[in-house]
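Order of the sequence lines fixes the chain letters, A, B, ..., with proteins taken first and strands second; residue numbering starts at 1 for each chain.
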2 protein chains.
Amino acid sequence: MRDSEKQIVRALPLFSGMLEANFEAMLAGSFLQRFPATVVLFSESDLTDFLHILVDGQVELFASANNREGTMTLIKPVATFVLASALVDGAYQMSARTLTSSQILMIPAENIRVAMLADRDFAHKAVLELASCYHGVVRAYKNIKLRTGVERLANYLLVQHRRQGGDTLTLPVEKRTLASMLGITPENLSRAFSTLKPYGVKVDGPKIDLQNIKDLESLAKPSELIDTL
Amino acid sequence: MRDSEKQIVRALPLFSGMLEANFEAMLAGSFLQRFPATVVLFSESDLTDFLHILVDGQVELFASANNREGTMTLIKPVATFVLASALVDGAYQMSARTLTSSQILMIPAENIRVAMLADRDFAHKAVLELASCYHGVVRAYKNIKLRTGVERLANYLLVQHRRQGGDTLTLPVEKRTLASMLGITPENLSRAFSTLKPYGVKVDGPKIDLQNIKDLESLAKPSELIDTL
DNA sequence: TCACAGGCTTGACAATTATCAAGCGATCCG
DNA sequence: CGGATCGCTTGATAATTGTCAAGCCTGTGA
């Protein structure tokens, strides 16, 4: 692991206030690895061996039951994932796979638990990070429980539009992955896009043009407490 | 606040390891109050003033959007709720109402944040509590995303059956609340019970009899990672 | 170049869930 | 007691979503 990569991780809020000695001790036994696309990193029922940090690429957290599968969330660099699981010494609860070739730092979960007991600042940052992740899942839960598929898509597009800034937005993932994230089938995602055409949504492959934000918002009814900037 | 009530709170894992002085300081400005049934304690967009601890009664956390409403979770005594919100100084993210007459201890959120910085053990326990709450919402999210309404009901009944031990179980909440928790309408809950009749589910008001666990399980396909004991 | 695989779309149909309306039975209260 | 309210149920119908099948388009590799 190069020093430049170490600095990238160190800059994350979660680690930025740690004592140097504790940070170094935590990294003992960790390794930075590159995975190709479409590789399953771990399964939801596996015991949590590592805290993962996505340094580069894209990772999907998903879950399975009843022969069905659904995306829980998408991870973008640089960010940690499965922190909660690493802290409690149980199963991962979610499965993970790479969507693209990805570089991932894996820190033994045991080290994380030791660091939490040893380093005050890390414990405090872990509290804030967990609270933030908690509210993230709460938002996802509200989203799927209180909105129809078309509404979820409309709100997703509005959020992406604000995030990306320009007047046309580009979907950051394949449509089938977007469908799974929205909790619908790929077929219904296609139909949802058709439904949104009268609201000024122009689709050209992964490029989306929102030509009537007002109308789209009147359908989507965005909520500050669900749709993150 | 009586000493006996203080001891009940002190016994919660979250507080049990705190230094006495920190525990007392945290309680400054808190108050124990009794609310009648059906009272809204706070709304999801309100700023978080208090950590709440349900000492007696029953509380529902719910959310609203689009003129729709859904139960997020039910709180049973003795337990804290909205810990994550109290720790980050933002909106509650969920609304709360009493389902029955309830006794609730309210601790100023500011005190909680101070306690986290001052008391190591409390910070560590907060990490564990938050991780556990996080996995709780993850399970709820998987449940609604990967199962149909009938499957969710079947699994709910199996969990209640194991929890309550006897051969007949009693629903702990009104059926309309159960419906909202399962993410379906009261009408469809009635129909879901009818659908489960061939699987040995006998309904008599709030009393449910499971006469064929095997068949019910084959339909429910329970999962350790979703259905908590 | 051409065949092929994979992602996406569309159509037809089925399953799931919601909505609206009506009615039943228990409880509460004047 | 009588009337009203409320929770629950049932029926009829509509909206939403999923499944299966087929076809289109693009990029890839023989």
Pull out every protein N or O sitting under 3.5 Å from an N or O of nucleotides 15-20 of chain C, one pair per line with the distance.
from   : atom 1 : to       : atom 2 : distance (Å)
C:dT17 : OP1    : B:Gly149 : N      : 2.8
C:dT17 : OP2    : B:Gly149 : N      : 3.4
C:dA18 : OP2    : B:Thr185 : N      : 3.2
C:dA18 : OP2    : B:Asn188 : ND2    : 3.0
C:dA18 : N7     : B:Asn188 : ND2    : 3.3
C:dT19 : O4     : B:Arg191 : NH1    : 3.3
C:dC20 : N4     : B:Glu187 : OE2    : 3.2

Who pairs with [X] by side-chain hydrogen bond (donor to acceptor under 3.5 Å, both in side chains), at least two apart in sequence or on another chain?
| X | answer |
| --- | --- |
| A:Ser102 | none |
| A:Gln164 | A:Gln160 |
| A:Ser101 | A:Arg34 |

**OP:** Identify, with sequence neighbours excluded, every residue that meets ring-ring contact (aromatic ring centres under 6.0 Å, His included) alongside B:Phe193.
**Re:** none

**OP:** Please identify each residue that fulfils ring-ring contact (aromatic ring centres under 6.0 Å, His included) with A:Phe15, with sequence neighbours left out.
**Re:** A:Phe122

Original post:
chain B on DNA chain D: first and last contacting nucleotide, 5' to 3', under 4.0 Å to a heavy atom?
Top reply: D:dG7 to D:dA12

Subject >> For B:Arg191, salt bridge (charged side-chain N to carboxylate O under 4.0 Å, His left out) partners two or more places apart >> reply: none

Subject >> Value in whole Å for how far the C1' atom of C:dA26 lies from CG of B:Asp204 >> reply: 13 Å

Original post:
Between A:Tyr134 and B:Tyr134, does the ring centre distance come in under 6.0 Å?
Top reply: no

For residues 77-84 of chain A, dump all side-chain donor-acceptor pairs below 3.5 Å to protein atoms at least two apart in sequence or in another chain.
from    : atom 1 : to       : atom 2 : distance (Å)
A:Thr80 : OG1    : A:Glu129 : OE2    : 3.4

